[in-house]
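Bear in mind that the values here come from a model prediction, so they are computed numbers and not experimental data.
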Amino acid sequence: MALTKQKVQDKIEIVSAFKHIQIRYADQIVEDGNVISQSYWRTVVNCGDYDAADEHNVKAIADAVWTADLIAEYEASIAQPEIA
């Protein structure tokens with residue numbers, strides 16, 4: 001009867017017009033190979049943040065969805081936020 005804790009990359013989604021990569025993790029408690037408890041948390045890798053993409057093992061997805069034009073558009077949007 002061994003208890004272990006593991007972090008699993010549970011779900012990856014592309015969200016927003018700027019194709020941010022949202023990653024859901026599950027922290028699981030496992031007993032004899034069966035998950036007996038889990039909780040979820042999410043993190044977002046912003047468009048163009050290749051260091052974070054690499055850290056979360058989603059660089060291949062980033063390479064596929066982030067174009068140079070999209071990154072430039074995103075950087076321009078955060079440099080001059082819209083005034084409502």
Nearest 0.5 Å please: distance from the [atom1] atom of [X] over to the [atom2] atom of [Y].
X: Gln6; Y: Thr4; atom1: CD; atom2: OG1; result: 5.5 Å
X: Arg42; Y: Gln22; atom1: CZ; atom2: CD; result: 4.5 Å
X: Ile14; Y: Ile61; atom1: CD1; atom2: CD1; result: 5.5 Å
X: Glu73; Y: Glu75; atom1: CD; atom2: CD; result: 11.0 Å
X: Ser37; Y: Glu31; atom1: OG; atom2: CD; result: 11.5 Å
X: Ile36; Y: Gln28; atom1: CD1; atom2: CD; result: 11.0 Å

Exercise for the section: Carefully, step by step, assess Leu3 and Ile29 under the rule side chain to side chain contact (heavy atoms under 4.5 Å, CB included). Expected result: CA-CA 7 Å; Leu3 287 178; Ile29 304 297; 4.2 Å; yes

Are the side chain of [X] and the backbone of [Y] linked by a donor-acceptor contact shorter than 3.5 Å?
X: His20; Y: Cys47; value: yes
X: Gln9; Y: His56; value: yes
X: Trp66; Y: Lys19; value: yes
X: Asn46; Y: Asp49; value: no

Problem - Side chain to side chain, Trp41 and Lys7, heavy atoms closer than 4.5 Å - result: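 In short, these two side chains touch, coming nearer than 4.5 Å.
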
Exercise for the section: Please report the C-alpha distance between Asp10 and Tyr25 in whole Å, then the side-chain angles of each, then the deciding distance to 0.1 Å, and finally whether the side chain to side chain contact (heavy atoms under 4.5 Å, CB included) criterion is met. Expected result: CA-CA 5 Å; Asp10 178 72; Tyr25 287 96; 5.9 Å; no

Problem - Transitive ILVMFWY side-chain link Ile78 to Phe18, under 4.5 Å - result: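 Same cluster.
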
Practice task
Determine, stepwise, if the pair Tyr50 / Val45 fulfils side chain to side chain contact (heavy atoms under 4.5 Å, CB included).
Solution key: CA-CA 8 Å; Tyr50 283 100; Val45 177; over 6 Å; no

Practice task
Check Leu70 against Val65 and note the closest heavy-atom contact, atom names and distance.
Solution key: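 Closest pair (atom of Leu70, atom of Val65, distance): CD2-O, 3.7 Å.
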
